[in-house]
Amino acid sequence: MKCRIAITIPLSLIVLLYLASSGFATSSADESKKDEKATEDQLKIGASPPMRGTVAFNALNGSRDIPGVKIRIDGEEKGVTDENGELLVKWLVAGKHKWSAFYEEEEVSQGKFEVSKIIEAKIIDRKAIFGKEFKEPIRFYALKDSWTFVHTVKNTGTTVIDHYALELSSSSGKGSAVKIKLISPPLPGWVWKPFAGHLKTGRRMMEVIIKDHGVEMADQCSHHPMGNLILYNPISKGGLWPGETITISSEEHYTKTLEEFYQCMAVKLDTKITNEIVDADNGIMNLFVKKYKISFLTFNDIKIKLTFKGLNRLETCFLRLYIDDKLCDTAPWFEFFWL
């Protein structure tokens, strides 16, 4: 019996030790799971209020930044948080959106936000090419050559743009460079200044229509289409989406540009304007205006003599205004190209 008791006691101790060790292991595993659960519960995903179509997301566990959190907006993946636990999502379209966050393939958070409607676009690049790229001493003949206008527009709003208006200005933008000087006869300024002012500071409006995978460009006054359009980048379906850019070049004979400009001016002044090219080689052209009315006065015969001269970007246009064959006004018209 003693041997049996001596043997039994160690076996009992072994069993007890095994059970005890199993109990401790189970307890440790439970504690580990609780810690993992606590860690998941502490993972917080925040989304800032939208600012002009931009939303910032951040992922934190307590005070620790969490990288690698995937963000989806309306079911589309927009990226993952960086080493700072941040992700910036730009160029969102106006309207209500749903977002969700995933960490290690598990959804950990979700929410909603609304982007306000902003209609906005900016010209981010532009240039004019007369004849060929300027290389001295190449001369541009205003009444014989063509010019090309290239511009890039970016959608900086939160709506899809399908058309926009482009304003081409004939003024130099240098107030001191353009001066009006009354010569003869001594007409009061209120008679001749409005007309001369239209010539100096006129605007030509072009409307650009963005269609699926193509564009159209036309003068807003005459509705004549601009020819020789080249689109340099593909367009998304429906138009120009937020953040996207479009680059277009249009080529036109310069006399055609001048004609569209003064026809638009004729519409504004409720009159009729015709032209005559006097000397294409030396850049001399006349414009004739019939029945220009201002207040109680009507002028039946107005002639504007335009002389284009100079080389390349130093090109200027000199203007002479005749009323009933009498010289009334002169003005140097710098940088005559529409920029």
Can you check side chain to side chain contact (heavy atoms under 4.5 Å, CB included) on Val215 and Ile248, steps first, answer last? CA-CA 9 Å; Val215 294; Ile248 305 171; 4.1 Å; yes

Donor-acceptor pair between Tyr262 and Asn275 side chains, under 3.5 angstrom: yes

Give the intermediate values and the outcome of side chain to side chain contact (heavy atoms under 4.5 Å, CB included) for residues Ile235 and Ile246. CA-CA 7 Å; Ile235 298 176; Ile246 184 173; 3.7 Å; yes

Minimal non-hydrogen separation, Tyr103 against Gly68, with atom names: CD1-O, 4.2 Å

Ala280 versus Tyr141, closest heavy-atom pair with distance: O-CD2, 4.4 Å

Taking all non-hydrogen atoms of both residues into account, name the closest pair between Gly238 and Val160 and its distance. O-CG1, 3.6 Å

Can you list the residues that meet the salt bridge (charged side-chain N to carboxylate O under 4.0 Å, His left out) rule with Glu167, with sequence neighbours excluded? Arg203

Can you tell me how far apart CE (Met217) and CD1 (Ile210) are? Round to the nearest 0.5 Å. 11.5 Å

Going by atom types only, do Gln263 and Ser222 share a side-chain donor-acceptor pair under 3.5 Å? no

Once you round to the nearest 0.5 Å, how far does CD1 of Ile273 lie from OG1 of Thr271? 6.0 Å

Please determine, by modelled atom types, if His224 and Asp219 share a side-chain donor-acceptor pair under 3.5 angstrom. no

Going by distance alone, is a donor N or O of one side chain under 3.5 Å from an acceptor N or O of the other, for Ser249 and Tyr232? yes

Once the angle between the rings of His151 and Phe149 is folded into 0 to 90°, is it parallel (under 30°), tilted (30 to 60°) or perpendicular (over 60°)? parallel

Closest non-hydrogen atom pair, Asn233 against Thr247: OD1-N, 2.9 Å

Common cluster, Ile123/Ile161, ILVMFWY with side-chain heavy-atom separation under 4.5 Å: yes

Partner of Lys256 under side chain to side chain donor-acceptor pair (under 3.5 Å), chosen from Glu260, Glu259, Glu252, His253: Glu260

Under a single-linkage definition using a 4.5 Å side-chain heavy-atom cutoff for Ile, Leu, Val, Met, Phe, Trp and Tyr, are Leu60 and Leu87 assigned to the same hydrophobic cluster? no

Can you tell me how far the CG atom of Asn300 sits from the CD1 atom of Ile323, to the nearest 0.5 Å? 11.5 Å

Residues passing the salt bridge (charged side-chain N to carboxylate O under 4.0 Å, His left out) test with Lys144, sequence neighbours excluded, are Asp281

Verify, without hydrogens or angle tests, whether Asn155 (side chain) and Ala121 (backbone) share a donor-acceptor contact under 3.5 angstrom. no

So if you build clusters from Ile, Leu, Val, Met, Phe, Trp, Tyr with side-chain heavy-atom gaps below 4.5 Å, do Leu229 and Val150 land together? no

Provide the closest heavy-atom pair for Ala94 versus Ser116 in the form atom of the first, atom of the second, distance. CB-O, 3.7 Å

For the CE atom of Met226 and the CD atom of Glu251, what is their distance to the nearest 0.5 Å? 10.5 Å

Thr81 side chain to Ile66 main-chain N or O, any donor-acceptor pair under 3.5 Å? yes

Using the ring of each side chain (for Trp, its six-membered ring), is Tyr292 parallel, tilted or perpendicular to Phe299, with breaks at 30° and 60°? parallel

How long is the gap from CD on Gln220 to CD on Glu207, to the nearest 0.5 Å? 5.0 Å

Regarding Lys303 and the six-membered ring of Phe288, is the cationic atom NZ or CZ under 6.0 Å from the ring centre and inside 45° of its axis? no

Could you walk me through whether Ile119 and Lys117 pass the side chain to side chain contact (heavy atoms under 4.5 Å, CB included) test, one step at a time? CA-CA 7 Å; Ile119 302 175; Lys117 186 177 182 179; 4.0 Å; yes

Between Val55 and Ser48, what is the shortest heavy-atom contact and its length? CG1-O, 3.5 Å

Charged tip of Arg72 within 45° of Phe102 ring normal and under 6.0 Å: yes

For residues Val115 and Trp91: do they belong to one hydrophobic cluster (side chain heavy atoms under 4.5 Å, members Ile, Leu, Val, Met, Phe, Trp, Tyr)? no

